[in-house]
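Below you'll find the structure, written out as structure tokens, and then a few comments.
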Amino acid sequence: PLEMSAKKPVPFLRQVIPIRKKVHRDPRFDDLSGEYKPEIFMKTYSFLDSIKKQEKEMIQKQIKKCRNTEQKEKLQQLLNRMTQQEQAQKKQQKLREREMSLKRQQRELAKQGKKPFFLKKSDKRKLELAEKYTELKRSGKLESFLNKKRKRNAIKDKRHLPSQKN
């Protein structure tokens, strides 16, 4: 017969073919993928910047041509997101460069025979704030930045004051 009889009892120790289980790998946490180094990553995928630039220009052209307000709004949101990503990437790059320069200075001091001195997080933050201040002063946006900061702090202070409800 083409089929086995169902009346025949199943043997106690069946011969089952083992199925090899697929092992899923996550490249973010796997040692085989290597170590993540942002500098190497940025160099390897630097060609993406030019592609993003072209896409941004294309979206700007589409915004100018577009008549539908809903579509135009979506394109504008996409453009804003792209510019924000670009700014965040520049900020990250600047931060990396600053850290690399600090490391270089430490190496030079170590070569001269001096003890290495590592900045605390608070000191790094102060340096970053000072750099931001000088950049704002250079660009002429310092006064507006300080006014916004004052307003924000005034609102925070008002929250902490007791309310004048009857």
Side-chain angles (χ1 to χ4, degrees), residues 16-153 155-156:
V16 182
I17 302 166
I19 300 168
R20 291 192 84 182
K21 199 173 188 181
K22 279 188 180 179
V23 180
H24 296 285
R25 291 189 327 111
D26 192 343
R28 296 173 298 173
F29 310 113
D30 203 352
D31 291 331
L32 292 171
S33 301
E35 200 174 323
Y36 172 70
K37 292 179 183 170
E39 299 85 24
I40 295 169
F41 182 84
M42 291 302 291
K43 283 179 186 175
T44 310
Y45 294 101
S46 60
F47 67 93
L48 289 176
D49 294 333
S50 60
I51 294 169
K52 284 180 184 177
K53 203 172 193 178
Q54 288 173 351
E55 284 179 354
K56 195 174 175 183
E57 289 170 1
M58 194 173 68
I59 290 169
Q60 285 173 337
K61 286 177 185 175
Q62 284 180 351
I63 288 172
K64 286 180 183 177
K65 288 179 183 177
C66 191
R67 298 278 180 247
N68 188 358
T69 55
E70 205 172 287
Q71 186 71 21
K72 199 171 193 175
E73 199 173 293
K74 281 184 181 178
L75 287 169
Q76 192 63 45
Q77 285 177 350
L78 181 65
L79 185 69
N80 288 343
R81 194 173 80 217
M82 287 176 88
T83 52
Q84 284 175 351
Q85 284 175 347
E86 198 175 286
Q87 286 172 350
Q89 194 175 15
K90 282 180 184 176
K91 191 176 180 182
Q92 202 78 11
Q93 184 68 28
K94 211 179 252 187
L95 202 135
R96 249 189 256 114
E97 284 175 7
R98 190 181 306 123
E99 287 201 5
M100 287 296 288
S101 67
L102 285 171
K103 280 183 181 179
R104 272 192 226 105
Q105 286 176 354
Q106 292 305 320
R107 282 194 203 113
E108 286 174 19
L109 289 172
K111 282 180 184 176
Q112 292 171 6
K114 295 180 181 174
K115 268 190 174 179
F117 174 75
F118 300 102
L119 288 172
K120 291 186 281 184
K121 225 177 195 178
S122 59
D123 292 337
K124 283 183 185 177
R125 212 174 287 130
K126 283 178 187 174
L127 284 172
E128 197 174 309
L129 196 66
E131 196 174 296
K132 185 177 182 181
Y133 179 84
T134 53
E135 195 173 308
L136 285 168
K137 194 172 185 179
R138 187 174 46 80
S139 64
K141 296 176 182 176
L142 179 67
E143 199 59 44
S144 63
F145 174 76
L146 290 174
N147 285 336
K148 283 180 187 176
K149 195 105 173 144
R150 278 190 210 104
K151 283 180 185 176
R152 210 176 298 135
N153 288 338
I155 291 167
K156 280 184 185 177

Using side-chain contact (heavy atoms from CB on, under 4.5 Å) as the criterion, list what pairs up with Leu119, not counting sequence neighbours. Leu102, Phe117, Asp123, Lys124, Leu127

So how far is it from Gln76 CD to Gln62 CD, rounded to the nearest 0.5 Å? 12.5 Å

For Arg28, which residues count as a salt bridge (Lys or Arg N to Asp or Glu O under 4.0 Å) partner, sequence neighbours excluded? Asp26

Selection residues 41-62 - residue pairs positive for ring-ring contact (aromatic ring centres under 6.0 Å, His included), sequence neighbours left out: Tyr36-Phe41, Phe41-Tyr45

Test side chain to side chain contact (heavy atoms under 4.5 Å, CB included) applied to Gln87 and Lys91, step by step: CA-CA 6 Å; Gln87 286 172 350; Lys91 191 176 180 182; over 6 Å; no

May I have all residue pairs that pass ring-ring contact (aromatic ring centres under 6.0 Å, His included) and include part of residues 51-92, sequence neighbours excluded? none

Rounded distance [0.5 Å steps], OG1 in Thr83 versus CD1 in Ile59: 10.0 Å

Glu131: which residues meet the salt bridge (Lys or Arg N to Asp or Glu O under 4.0 Å) condition with it, sequence neighbours left out? Arg98

Sorted by chain and residue number, the salt bridge (Lys or Arg N to Asp or Glu O under 4.0 Å) partners of Asp30 (sequence neighbours excluded) come out as Arg25

Taking C-beta and beyond as the side chain, do Met58 and Gln54 meet within less than 4.5 Å on heavy atoms? no

Within residues 47-70 or reaching into it, pairs that qualify as salt bridge (charged side-chain N to carboxylate O under 4.0 Å, His left out) - sequence neighbours excluded: Lys56-Glu86

Out of curiosity, Gln84 CD to Arg81 CZ, how far, rounded to the nearest 0.5 Å? 9.5 Å

Return the CG to CD distance between Asn68 and Glu73, rounded to the nearest 0.5 Å. 10.0 Å

Please name all residues satisfying salt bridge (Lys or Arg N to Asp or Glu O under 4.0 Å) with Lys94, sequence neighbours left out, ordered by chain then number. Glu135

Check side-chain hydrogen bond (donor to acceptor under 3.5 Å, both in side chains) between Arg96 and all other residues, then give those that pass, not counting sequence neighbours. Gln93

Got more than 12 heavy atoms from elsewhere within 6.0 Å of CG, Leu32? yes

Looking at Ser33 and Phe29, would you say the former's side chain and the latter's main chain have a donor-acceptor pair under 3.5 Å? no

Enumerate the residue pairs fulfilling salt bridge (charged side-chain N to carboxylate O under 4.0 Å, His left out) with a member in residues 136-153, sequence neighbours excluded, ordered by first and then second residue. none

Restricting to side-chain hydrogen bond (donor to acceptor under 3.5 Å, both in side chains), what partner residues turn up for Asn153, sequence neighbours left out? none

By side-chain hydrogen bond (donor to acceptor under 3.5 Å, both in side chains) - contacts of Gln85 (at least two apart): none

